[in-house]
Amino acid sequence: MDEFVVVLRLTEASPALPGGAVETVQRLLGGLPGVKTAVFDSASSECLIRYDPAAISLGDLVRCMGDYGLRVDSIAQTRVPSVAPFARTA
């Protein structure tokens, strides 16, 4: 199954996250079904999320950010194809 990687960039109008909140957002996003990893970089105001689109939608991820009062300004997404194991030859 293919996975997707999305970068959600927050608007400048989004409130600053207090200390410890970055880890909280990463933990809560990472705990959603279908999310493999979630990394938030406060310096760039971007959240990089690797997820399975069969289990969670991009809209769900954006809504989750909104639940924390964070507004998404832009979205960049790419598909990460699954890698088939190499076939052995004699």
Side-chain angles (χ1 to χ4, degrees):
M1 172 67 63
D2 289 345
E3 293 180 346
F4 281 76
V5 173
V6 65
V7 176
L8 304 177
R9 175 168 279 193
L10 304 181
T11 64
E12 299 213 5
S14 290
L17 293 171
V22 170
E23 291 81 13
T24 300
V25 170
Q26 288 178 170
R27 187 179 70 250
L28 293 172
L29 284 172
L32 294 172
V35 174
K36 308 296 182 185
T37 58
V39 179
F40 185 77
D41 178 24
S42 58
S44 65
S45 297
E46 293 179 343
C47 188
L48 185 133
I49 306 165
R50 186 178 186 119
Y51 72 101
D52 175 0
I56 191 166
S57 72
L58 179 57
D60 292 335
L61 295 171
V62 172
R63 277 188 292 280
C64 184
M65 296 295 280
D67 289 346
Y68 297 108
L70 304 172
R71 290 179 230 132
V72 175
D73 182 45
S74 64
I75 299 169
Q77 178 176 263
T78 188
R79 182 174 60 94
V80 180
S82 57
V83 178
F86 291 102
R88 291 190 160 198
T89 56

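- Asp41 meets the salt bridge (Lys or Arg N to Asp or Glu O under 4.0 Å) test with no other residue; sequence neighbours excluded.
- At least one side-chain heavy atom of Val6 sits under 4.5 Å from a side-chain heavy atom of Tyr51.
- Residues Val62 and Val39 do not share a hydrophobic cluster, clusters being chains of Ile/Leu/Val/Met/Phe/Trp/Tyr side chains in contact below 4.5 Å.
- When all heavy atoms are compared, the tightest approach of Ala55 to Gly34 is CB-CA, 3.5 Å.
- With sequence neighbours excluded, the residues satisfying side-chain contact (heavy atoms from CB on, under 4.5 Å) with Glu46 are Val7, Arg9, Ser44.
- Put simply, the side chain of Leu29 does not reach to within 4.5 Å of the side chain of Phe40, judged on heavy atoms.
- In this structure, Leu10 CG and Arg71 CZ are separated by 10.0 Å, a value rounded to the nearest 0.5 Å.
- Contacts of Arg50 classified as side-chain contact (heavy atoms from CB on, under 4.5 Å), with partners at least two apart in sequence or in another chain: Glu3, Val5, Lys36, Thr37, Val80.
- Of all the heavy atoms in Ala38 and Gly30, the pair that sits closest is CB-N, 4.0 Å.
- Among residues at least two apart or in separate chains, salt bridge (Lys or Arg N to Asp or Glu O under 4.0 Å) pairs with a member in residues 61-70 are Asp60-Arg63.
- Counting heavy atoms from C-beta on, the side chains of Val72 and Thr11 never come closer than 4.5 Å.
- The side-chain contact (heavy atoms from CB on, under 4.5 Å) search around Leu28 returns Thr24, Tyr68, not counting sequence neighbours.
- One finds the CD1 atom of Ile49 at 8.0 Å from the SG atom of Cys64 (value rounded to the nearest 0.5 Å).
- Contact of the Leu32 side chain with the Leu61 side chain is registered, since non-hydrogen atoms from C-beta on lie closer than 4.5 Å.
- In terms of the salt bridge (Lys or Arg N to Asp or Glu O under 4.0 Å) criterion, residue partners of Arg79 (sequence neighbours excluded) are, by chain and number, Asp2.
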